[in-house]
**Student:** 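Just passing along the structure, written as structure tokens.
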Amino acid sequence: MSADEGSISFVQYLLPALEDGEYTITATQAVNVNGQSESLRATQSFFVTGIRYQLDDSGVNSVFPPPGSQGEFDNTLPHVVLTDPTLPWQREPGGIATRTGWLALLLFDEQDPPPSPRAMTIADLVSGGDVFVPPRTPELGEQASDPVTVIDVPVGRFAQIAPSPADLTWLAHTRLASPAAKATDGDTPPAAEFAVVFGNRLPTSGHTSTVFLVSLEGYGPYLPSDDGVLPAAVPPAAQTVRLAVLRSWTFFATRLEQSFQGILQALDMNPAALQLPAPPGTPVSQALGMGYTAMNHTLRDGGGTVSWYRGPLLPLGVAPAAAVHAQASDELLRYDPGTGMFDVSYAAAWELGRLLALHDRGYATALFRWKLTVTQQAANQLEEEIVDQLLPPLSTDTDQSLPPAHRRLARVIRDVVGPAAAQLTENGGR
Amino acid sequence: MMPRELPGFVGREALRARIAATSGVTADPEPGTDEYQVIDWLTRLHLLHGVPFAYLVPDIRMLPMESIRFFQVDNAWVEALLDGAFSVGATRATADAGEALRAAAVPAARARLGRVRADLLGDQAPAAAPEAISGFLLRSAAVSGWPGLEVRGYADADATQPLPLLRLERMAPALLLCLLGGVLRRVELREPPEGVHFGLDPASGGGWQKQLRYAAGPGTGGFIDGAVQPVTLRAGSTTVVKTAALAQAMSSRVWPSPTPATEFSAAQFGLEMVEGVQSVSFETGS
């Protein structure tokens, strides 16, 4: 691996400075003056809010496999890269080991089938009928009408695919990347810390898979065991489990028979140069080795022959010919008296250049106009110089910043019109 | 007034000399001018834009399926191509300018070779004008299957002198043309890095396994020879990985020296589960 790839560090977790929730700060001070003591006390409560049911686009750096993509993903565990490096540890599933992430990726196969996300409100996040939702603590600033996207997953499916409490500790980490080789966004330096959450289920090749980033807050005691058995805490009447969805996407997994490496290592590299394969020792092998191809050539007089042609892509190590400038393509036809064959390569290139130029009207017009402008400018310059030579030298009092045509006019007035007018006045006075 | 001698007509020789003296091509012509348009077009032609494939590869047997072929670009061929392209619009009035401008425009186009791709990518630092151009043609399923395929070319076998990419273009779904500034000695084809992801390796007898990497020490991230961890799936499922069990099984196997398994955290697990980006290098003959 070369150095320009940069490096990346994996970190178990980054904890937020304060977890979401209500906090109270109490300050006490004991004052003692002349033996009289008094204890002063002040209390302030505040609330840390964070992402709970909504994650906007700026919160997601990328997802993999890319949404809507199709590819060799059948050995891939999907993942999401979050821009907030502490997000997975800002809340907790509760009831299980601390520092366990509250976000998980659930992958559904098209045959499961995937549950349809539904737009609901926070008020709908309650158990009722055959739907199970773990008890929820309302937070400051929340309103019952706040929107939330939910999926209702059958309990059997949930037990099968949801991570166990032990799994959950392994499925999120933080990545520290080197920002040196990354693009900046305006004056914002590139982000270097990300949280990554990945799934525990492989997609099935030939099927469409749907991935949901779900909140497992409060689900700690209701997650399946390592072997996919739901704990007794889940009410037996529950048919579906309702989960809040923060993100979802779909992709299609295929299975390619070969890997990237496998395909490239099997490439035909003999010969490595762009040339026709030629048995060694035959009369043409030298020409073929230099990249030549024999082509049918229809001559001007109607006769036919075979000529050599070689494109611009020479085998490495073959010395190219010196460049020749020509007025017509025929000048570049080369004849080899030894074999009696023409080499039409450069003539063909010249003619192709001409055809391509004529084909592009914009270029052909610009080229003609450019040539004409340069010719006219040079002719004008010469003409002005001749006129300048015929006029007497400029006196120093003429404004040098004037354009040449103005200065010339000033000279004509001074040297030709002035004396003539003076003469007229002289004659008139007589 | 004294009668004066009339000057002669402007002579053709004088005009030709004047054009040659004044028609220096500006190094960085203003976009929108004819000069810019012509030089820009010639620069693209120099990179063989618009040259039909049959002119590049006259016989398809030169480039069979699943093959890679290296080449250098014939400078004389390109000169002839540009010469032909410059020959249009040569009327009597412009014939003199044509010759002088061609002599200036072709080097100007060559000096801009590095800018075509740089402008395309919005890169502010285009590559310097190369002495020579070389490259390769790749006709393979790898081109169609991995659209983000990356190419790095080097002037030496040890991959210390990178060559600038002048043109890297998919000419057909499975055909890639690469032109580099300089003489190519080694080329590295790499799977797109956006493909870095978590995954498992198929085991030979069916099922899944994972090749282990060192999680500490100087060789961190490198594969541990022969250390392969079989992956167990949840009972009754063919797709759900027993993540905690897998992490537990890996926890004592990934250290270069004896280390307690408790050192193994989600960070090390993330490292172990990453699927590396594959790359293949080719060296051309010396």
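What you are looking at is a predicted structure, and each value in this text was computed from that prediction instead of being measured. Throughout, a chain's letter reflects where its sequence line sits, starting with A, and its residues are numbered from 1.
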**Student:** Indicate yes or no for a side-chain donor-acceptor contact from A/Tyr363 to the backbone of B/Ala85 under 3.5 Å, with no hydrogens or angles considered.
**Tutor:**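 Checked: pair present.
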**Student:** In terms of heavy-atom pairs under 4.5 Å, which option from B/Gly199, B/Ser87, B/Ala247, B/Ala235 contacts chain A the most?
**Tutor:**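 Winner by heavy-atom pair count: B/Ser87.
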**Student:** Among the options B/Asn75, B/Leu189, B/Thr243, B/Asp59, pick out the one with the most heavy-atom pairs lying under 4.5 Å from chain A.
**Tutor:**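 Of the options given, most contacts go to B/Thr243.
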**Student:** Can B/Trp208 and B/Asp201 be counted as having a side-chain donor-acceptor contact under 3.5 angstrom?
**Tutor:**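 There is no such pair (donor and acceptor under 3.5 Å, judged by atom type) between the side chains of B/Trp208 and B/Asp201.
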**Student:** In terms of heavy-atom pairs under 4.5 Å with chain B, which of A/Gln327, A/Glu351, A/Arg310, A/Met295 leads?
**Tutor:**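 When all of A/Gln327, A/Glu351, A/Arg310, A/Met295 are compared, A/Arg310 has the most.
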**Student:** I'd like to verify something: which residue of A/His79, A/Gln275, A/Met269, A/His325 has the highest number of heavy-atom pairs under 4.5 Å with chain B?
**Tutor:**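 It is A/His325.
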**Student:** Are A/Arg369 and B/Asp34 within salt-bridge range, i.e. N to O under 4.0 Å?
**Tutor:**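 A salt bridge is present here (some side-chain N lies under 4.0 Å from a carboxylate O).
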**Student:** Rounded to the nearest 0.5 Å, what's the gap from CZ on A/Arg334 to OG on A/Ser345? Could you check?
**Tutor:**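 Reported value, rounded in 0.5 Å steps: 6.5 Å.
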**Student:** Is a side-chain donor or acceptor of B/Arg185 paired with a backbone partner of B/Thr284 at a separation under 3.5 angstrom?
**Tutor:**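 Indeed, once roles are kept as given, a pair shorter than 3.5 Å links the two residues.
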**Student:** Can the ring centres of B/Phe264 and A/Trp170 be said to be less than 6.0 Å apart?
**Tutor:**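 Between B/Phe264 and A/Trp170, the centre distance is under 6.0 Å.
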**Student:** Contact part of B/Leu246 toward chain A, heavy-atom cut-off under 4.5 Å: side chain, backbone, both or neither?
**Tutor:**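 Nothing of B/Leu246, per the 4.5 Å heavy-atom cut-off to chain A.
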**Student:** Under 4.5 Å heavy-atom distance to chain A, tell me which part of B/Phe136 shows up: side chain, backbone, both or neither.
**Tutor:**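 For B/Phe136, neither part sits under 4.5 Å from chain A.
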**Student:** For B/Leu48, is it the side chain, the backbone, both, or neither that has a heavy atom closer than 4.5 Å to a heavy atom of chain A?
**Tutor:**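 Only the side chain of B/Leu48 comes within 4.5 Å of chain A.
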**Student:** Name the region of A/Glu385, side chain, backbone, both or neither, that has any atom closer than 4.5 Å to a heavy atom of chain B.
**Tutor:**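 Only the side chain of A/Glu385 comes within 4.5 Å of chain B.
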**Student:** Specify the closest pair of heavy atoms between A/Leu168 and A/Pro163, including all atoms of both residues, with the distance to one decimal.
**Tutor:**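 Taking every non-hydrogen atom into account, CD1-CG, 3.6 Å.
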**Student:** If you count heavy-atom pairs under 4.5 Å with chain B, which of A/Thr375, A/Leu313, A/Thr76 comes out on top?
**Tutor:**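 Looking at each option in turn, the highest pair count goes to A/Leu313.
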**Student:** Quick one: what part of B/Leu82 sits under 4.5 Å from any heavy atom of chain A, side chain, backbone, both or neither?
**Tutor:**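 When you check distances to chain A, no heavy atom of B/Leu82 falls under 4.5 Å.
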**Student:** I'd like to verify something: which residue of A/Leu274, A/Ile161, A/Leu107 has the highest number of heavy-atom pairs under 4.5 Å with chain B?
**Tutor:**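 Top option by heavy-atom pairs under 4.5 Å: A/Leu274.
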**Student:** With respect to chain B, which residue among A/Thr373, A/Leu355, A/Leu372, A/Asp226 yields the maximal number of heavy-atom pairs within a distance under 4.5 Å?
**Tutor:**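 Ranked by contacts with chain B, first place is A/Asp226.
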**Student:** What residue in B/Thr33, B/Val88, B/Val241 has the most heavy-atom pairs under 4.5 Å with chain A?
**Tutor:**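 When all of B/Thr33, B/Val88, B/Val241 are compared, B/Val88 has the most.
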**Student:** Determine, using ring centers only, whether B/Phe198 and A/Phe64 are less than 6.0 Å apart.
**Tutor:**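 Ring-ring flag for A/Phe64/B/Phe198: false, centres at least 6.0 Å apart.
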**Student:** Tell me, for B/Gln72 versus chain A, whether the close heavy atoms (under 4.5 Å) come from the side chain, the backbone, both or neither.
**Tutor:**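 For B/Gln72, the contact with chain A is made by backbone and side chain together.
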**Student:** Select one option (side chain, backbone, both, neither) describing which atoms of A/Leu171 are under 4.5 Å from chain B's heavy atoms.
**Tutor:**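 Side chain of A/Leu171 only, per the 4.5 Å heavy-atom cut-off to chain B.
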**Student:** Salt bridge (Lys or Arg N to Asp or Glu O under 4.0 Å) between A/Asp109 and A/Arg201: does it pass, once the steps are laid out?
**Tutor:** CA-CA 10 Å; A/Asp109 187 72; A/Arg201 188 183 186 195; 5.8 Å; no
**Student:** For residues B/Arg139 and B/Ser67, is any side-chain donor paired with an opposing acceptor at under 3.5 Å?
**Tutor:**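 No donor-acceptor contact under 3.5 Å links the two side chains.
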**Student:** Check whether A/Tyr13 forms a cation-pi arrangement with A/Arg99 (NZ or CZ under 6.0 Å from the six-membered ring centre, at most 45° off the ring normal).
**Tutor:**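 Ring-cation test returns no.
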**Student:** Show your working on side-chain hydrogen bond (donor to acceptor under 3.5 Å, both in side chains) between B/Arg234 and A/Gln160 and close with a plain yes or no.
**Tutor:** CA-CA 8 Å; B/Arg234 238 179 226 187; A/Gln160 204 175 24; over 6 Å; no
**Student:** Could you go step by step and tell me if B/Leu184 and B/Tyr154 meet the side-chain contact (heavy atoms from CB on, under 4.5 Å) rule?
**Tutor:** CA-CA 6 Å; B/Leu184 182 66; B/Tyr154 300 93; over 6 Å; no
**Student:** Side chain from CB out, backbone as N, CA, C, O: work out which of these in A/Asn270 comes under 4.5 Å of a heavy atom of chain B, or both, or neither.
**Tutor:**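 Only the backbone of A/Asn270 comes within 4.5 Å of chain B.
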**Student:** Between B/Asp40, B/Thr220, B/Val51, B/Leu45, which shows the greatest number of heavy-atom pairs under 4.5 Å with chain A?
**Tutor:**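 Highest number of heavy-atom pairs under 4.5 Å: B/Val51.
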**Student:** What part of A/Thr293 lies closer than 4.5 angstrom to a heavy atom of chain B: side chain, backbone, both or neither?
**Tutor:**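 Contact with chain B is through the side chain of A/Thr293 alone.
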**Student:** Give the member of A/Leu352, A/Leu77, A/Val11 that has the highest number of heavy-atom pairs under 4.5 Å with chain B.
**Tutor:**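 Highest number of pairs under 4.5 Å: A/Leu352.
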**Student:** Where does A/Pro312 contact chain B at under 4.5 Å (heavy atoms): side chain, backbone, both or neither?
**Tutor:**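 A/Pro312 touches chain B through backbone and side-chain heavy atoms alike.
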**Student:** Name the region of A/Val196, side chain, backbone, both or neither, that has any atom closer than 4.5 Å to a heavy atom of chain B.
**Tutor:**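 Side chain of A/Val196 only, per the 4.5 Å heavy-atom cut-off to chain B.
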**Student:** At a heavy-atom distance under 4.5 Å, which candidate from B/Gln268, B/Arg102, B/Arg61, B/Gln248 has the highest pair count against chain A?
**Tutor:**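 Heavy-atom pair counts peak at B/Arg102.
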**Student:** Using heavy-atom distances under 4.5 Å, tell me whether A/Pro66 contacts chain B through its side chain, its backbone, both, or neither.
**Tutor:**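 Neither; nothing under 4.5 Å.
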**Student:** Closer than 4.0 angstrom, basic N to acidic O: yes or no for B/Asp83 and A/Arg354?
**Tutor:**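 Salt bridge absent between B/Asp83 and A/Arg354.
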**Student:** Which bit of B/Phe269 is near chain A, if near means a heavy-atom gap under 4.5 Å: side chain, backbone, both or neither?
**Tutor:**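 Just the side chain, heavy atoms under 4.5 Å.
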**Student:** Does any heavy atom of chain B fall under 4.5 Å from the side chain of A/Ala348, the backbone, both, or neither of them?
**Tutor:**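 Backbone plus side chain of A/Ala348, per the 4.5 Å heavy-atom cut-off to chain B.
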**Student:** Hey, what do you get for OG1 (A/Thr100) to CG (A/Asp167), rounding to the nearest 0.5 Å?
**Tutor:**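 These two atoms lie 11.0 Å from each other.
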**Student:** At a 4.5 Å cut-off on heavy atoms, which part of A/Ala294 comes close to chain B: side chain, backbone, both, or neither?
**Tutor:**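 Neither part.
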**Student:** Can we say A/Asp112 and A/Arg157 salt-bridge, meaning some charged N sits less than 4.0 Å from an Asp/Glu carboxylate O?
**Tutor:**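 Salt bridge flag = yes for A/Arg157 with A/Asp112.
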**Student:** With a 4.5 angstrom heavy-atom cut-off, is it the side chain or the backbone of B/Thr238 that approaches chain A, or both, or neither?
**Tutor:**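 For B/Thr238, neither part sits under 4.5 Å from chain A.
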**Student:** At a 4.5 Å cut-off on heavy atoms, which part of B/Leu138 comes close to chain A: side chain, backbone, both, or neither?
**Tutor:**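 Contact with chain A: side chain only.
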**Student:** May I ask you to name which of B/Gly221, B/Gly236, B/Ala244 has the most heavy-atom pairs under 4.5 Å with chain A?
**Tutor:**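 If we count pairs closer than 4.5 Å to chain A, B/Ala244 comes out on top.
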**Student:** Side chain, backbone, both or neither: which part of A/Leu332 has an atom under 4.5 Å from a heavy atom of chain B?
**Tutor:**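 Contact with chain B is through the side chain of A/Leu332 alone.
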**Student:** How are the rings of A/His173 and A/Phe10 set relative to one another: parallel (under 30°), tilted (30 to 60°) or perpendicular (over 60°)?
**Tutor:**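 Tilted, since the angle between the ring planes falls between 30° and 60°.
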**Student:** Before you tell me yes or no, could you show the steps for A/Tyr292 and A/Asp343 under side-chain hydrogen bond (donor to acceptor under 3.5 Å, both in side chains), namely the whole-Å CA-CA distance, both residues' side-chain angles and the distance that decides it to 0.1 Å?
**Tutor:** CA-CA 9 Å; A/Tyr292 281 102; A/Asp343 175 358; 2.9 Å; yes
**Student:** With a 4.5 angstrom heavy-atom cut-off, could you sort out which part of A/Ser225 is near chain B: side chain, backbone, both or neither?
**Tutor:**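 For A/Ser225, the contact with chain B is made by the backbone alone.
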